[in-house]
Amino acid sequence: MTSAPSFKQELTGVFGQPIAENPSQAMVEAAYRHHRLPWRYLSLEVSPDGLGDAVCGARAMGFRGFNCTLPHKVAVIPHLDGLGESASLMGAVNCVVRRDGRLIGENTDGKGFVQSLRQMLDPAGKRIVILGAGGAARAIAVELALAGAASFIIVNRGRTRAASLVELMRTRLRAEVEDVDWQGDYRLPSSADVVINATSIGLYPDAHARLPLQVASLTSSMVVADVIPNPPQTRFIRDARAAGCRVIDGLGMLVNQGVIGIRYWTGIEPDAAVMRRALEEIFSPRLHEAHLQHS
Ligand code: NDP
């Protein structure tokens, strides 16, 4: 006997404002299709004033989970039923998961970064330089400290954000941290094992923007990573490759945080290559040119 067809789809999505240029739907739904899951991932424009109602709506409609992007990563916390360890340490949530009817906030940004780094080296015992001290830097720093990195240099222009991250790392994670006030072109110490651009410098449309950094201080023993997903080949990534460094682009972090989200929601292990391909199609230079010509 064949079972009756089901027209019900399991719901996931992303809440943000603005949301129209967020490519997560293409990436996540490519995985759902590939694995023949009758699930949807909706791009949902949610204003700060509407966030509480949106979370109530997700509960009422039985969402299996959802991502939160700007400006909701911190503001969503009071609307949830609990937090995972990293989200609690960072004070920010980018992925909400329904577990036994409760909405639990997780942070998969840093975990996604560490997963892509692990494909190249084990962060345990490594000396890390992080350029930036905003949300992405915070997520990466916390997760690398939990993964056993030996020491950190946090390089940031604004002193308030830097102080907050350095304080978190020292008091909650007992990490060895140097705080560098970013003035002029920063010279990397030759002892650095991993160098990460966690600023927004290089993000489309400022694709040719230059990091204030002495490029000559990059050495071939360093692993260099950029969080900028669009375009994936930033000027920093190109400079690092030319210096002989091993590089990780921002798509690695974006794909891997998506992999972890899908694993949390569905229980399956999605194919990361399918997800990366979906993003590469969107971010290919050819499509960008078409976009520019039509805008
Ligand atoms: P925030 O606004 O929280 O932080 C921005 C950071 O960039 C701050 O440290 C800021 O320094 C620094 N910065 C910006 N402009 C300059 C400049 N001209 N000179 C020096 N420093 C500068 O943003 P997020 O941390 O949330 O996001 C940062 C980037 O990470 C974004 O481009 C985003 O696309 C990317 N991202 C990528 C993800 C992925 O999966 N690949 C996931 C999450 C984010 P200051 O404090 O001095 O202003």
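Atoms within a ligand are numbered from 1 in the order they appear, just like the ligands themselves.
For the pair Asp109 and Lys73, the salt-bridge criterion is met [side-chain N within less than 4.0 Å of a carboxylate O]. A salt bridge links Arg99 with Glu106: at least one charged nitrogen is closer than 4.0 Å to a carboxylate oxygen. With salt bridges taken as basic N to acidic carboxylate O contacts below 4.0 Å, none links Arg276 and Asp271. Under a 4.0 Å N-O distance rule, the pair Asp179/Arg170 does not qualify as a salt bridge.
In this structure, the side chain of Asn94 does not engage the main chain of Cys68 through any donor-acceptor pair within 3.5 Å.
Inside a 4.0 Å radius of atom 33 (C) of ligand 1 there is not any protein heavy atom.
Classified by interplanar angle (parallel below 30°, tilted 30° to 60°, perpendicular above 60°), the ring pair Tyr32/Trp39 is tilted.
Taking every non-hydrogen atom of Ile228 and a distance limit under 4.0 Å, the qualifying atoms of ligand 1 come out as 32 (O). Numbered from 1 in the order shown, with element, the atoms of ligand 1 that lie under 4.0 Å from a heavy atom of Ala136 read 24 (P), 25 (O), 26 (O), 30 (O), 44 (C).
Considering backbone and side-chain N/O atoms, Leu203 never comes within less than 3.5 Å of an N/O atom of ligand 1. Residue Val227 has at least one nitrogen or oxygen atom sitting less than 3.5 Å from a nitrogen or oxygen atom of ligand 1, judged on distance alone. Distances between N or O atoms of Ala133 and those of ligand 1 include at least one value under 3.5 Å. Annotation: Leu254 places an N or O atom under 3.5 Å from an N or O atom of ligand 1; distance criterion only. By the 3.5 Å distance cut-off applied to N or O atoms, Gly132 is not counted among the residues near ligand 1. Inclusion of Gly158 in the set of residues having an N or O under 3.5 Å from an N or O of ligand 1 is warranted. Note: an N/O pair closer than 3.5 Å links Arg157 and ligand 1 by distance alone.
Contact annotation: for Asn230 versus ligand 1, there are no heavy atoms closer than 4.0 Å.
In the hydrophobic cluster analysis, where Ile, Leu, Val, Met, Phe, Trp and Tyr join through side-chain heavy atoms closer than 4.5 angstrom, Phe236 is grouped apart from Ile154. Under the 4.5 Å side-chain heavy-atom criterion for Ile, Leu, Val, Met, Phe, Trp and Tyr, Ile196 and Leu165 are members of the same hydrophobic cluster.
Looking only at protein heavy atoms, the nearest one to atom 1 (P) of ligand 1 is Arg161 NH1, 3.5 Å. Given atom 4 (O) of ligand 1, the protein heavy atom at minimum distance is Gly134 CA, 3.4 Å. Among protein heavy atoms, the minimum distance from atom 14 (C) of ligand 1 is reached at Ser200 OG, 3.3 Å. Looking at atom 23 (O) of ligand 1, its nearest protein heavy atom turns out to be Gly135 N, 4.4 Å. At the top of the distance list for atom 43 (C) of ligand 1, counting protein heavy atoms only, stands Asp109 OD2, 4.0 Å.
Side-chain contact between Leu83 and Ile77: present, with at least one pair of heavy atoms (C-beta onward) separated by less than 4.5 Å. Glu10 is not listed as a side-chain neighbour of Pro38, based on a closest heavy-atom distance of 4.5 Å or more.
Going from atom CD of Gln9 over to atom CZ of Arg40 covers 5.5 Å, rounded to the nearest 0.5 Å.
Between atom 11 (O) of ligand 1 and the options Asn156, Thr199, Thr160, Asp181, the minimum heavy-atom separation is to Asn156.
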